[in-house]
Amino acid sequence: GAFILASTRNGIREVNSALDQNLSMRTEEAREIRQRVVSFLKEGNFESAHQLILGMLDFLRDESGLEESDKEGLSMSIDEVLQLFYNTAFVPPYRGFAARSRISSGLNLLHSQLSHAGLVVPYNQVPKPVLLSALKALTGLNEAMPMDAWGGKMDNADAAYRILQRLVTGVGIRNRMEGSRPRLLEK
């Protein structure tokens, strides 16, 4: 499998070669991808970061020859990148269409993480603080920009309900962070 990511909207095309069967090579590749995601987030390019993370998730889902230790290592790397994305996507300001797009991308990745069959436990669950941040972002976005102004592209009431449902039932929630919590982008 290879990561092949293309975004015709912004002209970015990235191609990562197939991962070597050596775990250290996979770890190095995951480190490089993490750095690209961090660069995209620093630039405010959430769409490219989003696409790169989806490519990582697709690779994990499609790669059938991975050993359990490899799946766990890749799941941990993907989770780390997701946490970085969430830490950036769900923070104020909540005004404007850029905020809506950023929060929408975060919600899309939350859904992908929770429904992804390839991620191993506990990385197929989301830390409780992330869900609380997403709910706060949705609330802030709704206060800053009434739903009429969105043109019906995002149903924040439904997303908020699903987040609250998870918070109440505990389904899909990781109550504590595994390992160290990734820092917000360093300047």
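- The CG atom of Asn45 lies 10.5 Å from the OG atom of Ser39; values are rounded to the nearest 0.5 Å.
- Between Glu63 and Phe59 the shortest side-chain heavy-atom distance falls below 4.5 Å.
- Judged by distance alone, the side chain of Tyr86 and the main-chain N or O of Pro129 form no donor-acceptor pair under 3.5 Å.
- When Val168, Leu138, Val126 are each tested for a side-chain contact (heavy atoms from CB on, under 4.5 Å) with Ile163, only one passes: Leu138.
- Counting heavy atoms from C-beta outward, His50 and Phe40 have side chains that stay 4.5 Å or more apart.
- For Gln125, there are no side chain to side chain donor-acceptor pair (under 3.5 Å) partners two or more places apart in sequence or in a different chain.
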Exercise for the section: Determine, step by step, whether Thr139 and Lys136 satisfy the side-chain contact (heavy atoms from CB on, under 4.5 Å) criterion, reporting the C-alpha distance in whole Å, the side-chain angles of both residues, the deciding distance to 0.1 Å, and the verdict. Expected result: CA-CA 5 Å; Thr139 303; Lys136 182 178 178 181; 5.7 Å; no
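- Rounded to the nearest 0.5 Å, atoms CG (Asn142) and OH (Tyr94) are 12.5 Å apart.
- Using a 4.5 Å cut-off on side-chain heavy atoms (C-beta onward), Ile173 and Lys128 make contact.
- Interatomic distance, Phe46 CZ to Ser101 OG, rounded to the nearest 0.5 Å: 9.0 Å.
- Remark: Met56 CE to Arg34 CZ distance equals 10.5 Å, nearest 0.5 Å.
- Cluster annotation: Leu114 is connected to Leu132 through the hydrophobic network of ILVMFWY side chains, with a link wherever side-chain heavy atoms come within less than 4.5 Å.
- At least one side-chain heavy atom of Leu54 sits less than 4.5 Å from a side-chain heavy atom of Gln51.
- When all heavy atoms of Pro93 and Ala99 are compared, the pair lying nearest together is O-CB, 3.7 Å.
- A 4.5 Å side-chain heavy-atom check between Tyr123 and Ile78 finds every atom pair outside the cut-off.
- Transitive grouping of hydrophobic side chains (ILVMFWY, heavy atoms separated by less than 4.5 Å) brings Leu164 and Leu141 into a common cluster.
- In this structure, the side chains of Leu107 and Ile103 come closer than 4.5 Å at one or more pairs of heavy atoms.
- Contact annotation: the side chain of Leu131 approaches that of Leu110 to within less than 4.5 Å [non-hydrogen atoms, C-beta and beyond].
- Nearest heavy atom pair, residue Glu47 against residue Ser105, reads OE1-OG, 4.4 Å.
- A 4.5 Å side-chain heavy-atom check between Val81 and Val38 finds every atom pair outside the cut-off.
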Exercise for the section: List the steps, then state whether side-chain contact (heavy atoms from CB on, under 4.5 Å) holds for Leu57 with Leu119. Expected result: CA-CA 8 Å; Leu57 288 166; Leu119 289 170; 3.9 Å; yes
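- With sequence neighbours left out, Glu68 forms a salt bridge (Lys or Arg N to Asp or Glu O under 4.0 Å) with Lys71.
- Under the side chain to side chain donor-acceptor pair (under 3.5 Å) criterion, Asp158 pairs with Arg162, sequence neighbours left out.
- The two atoms that bring Ser75 and Gly118 nearest to each other are OG-O, 3.9 Å, heavy atoms only.
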Practice task
Let me see the working for Val130 and Leu82 under side-chain contact (heavy atoms from CB on, under 4.5 Å), right down to the final yes or no.
Solution key: CA-CA 10 Å; Val130 171; Leu82 284 165; over 6 Å; no
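- Of the inter-residue distances, the one linking Phe85 atom CZ with Arg102 atom CZ reads 9.5 Å to the nearest 0.5 angstrom.
- Taken to the nearest 0.5 Å, the CD1 atom of Ile53 stands 10.0 Å off from the CD atom of Gln113.
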Practice task
List the steps, then state whether side-chain hydrogen bond (donor to acceptor under 3.5 Å, both in side chains) holds for Asn87 with Gln83.
Solution key: CA-CA 6 Å; Asn87 286 341; Gln83 299 312 311; 5.9 Å; no
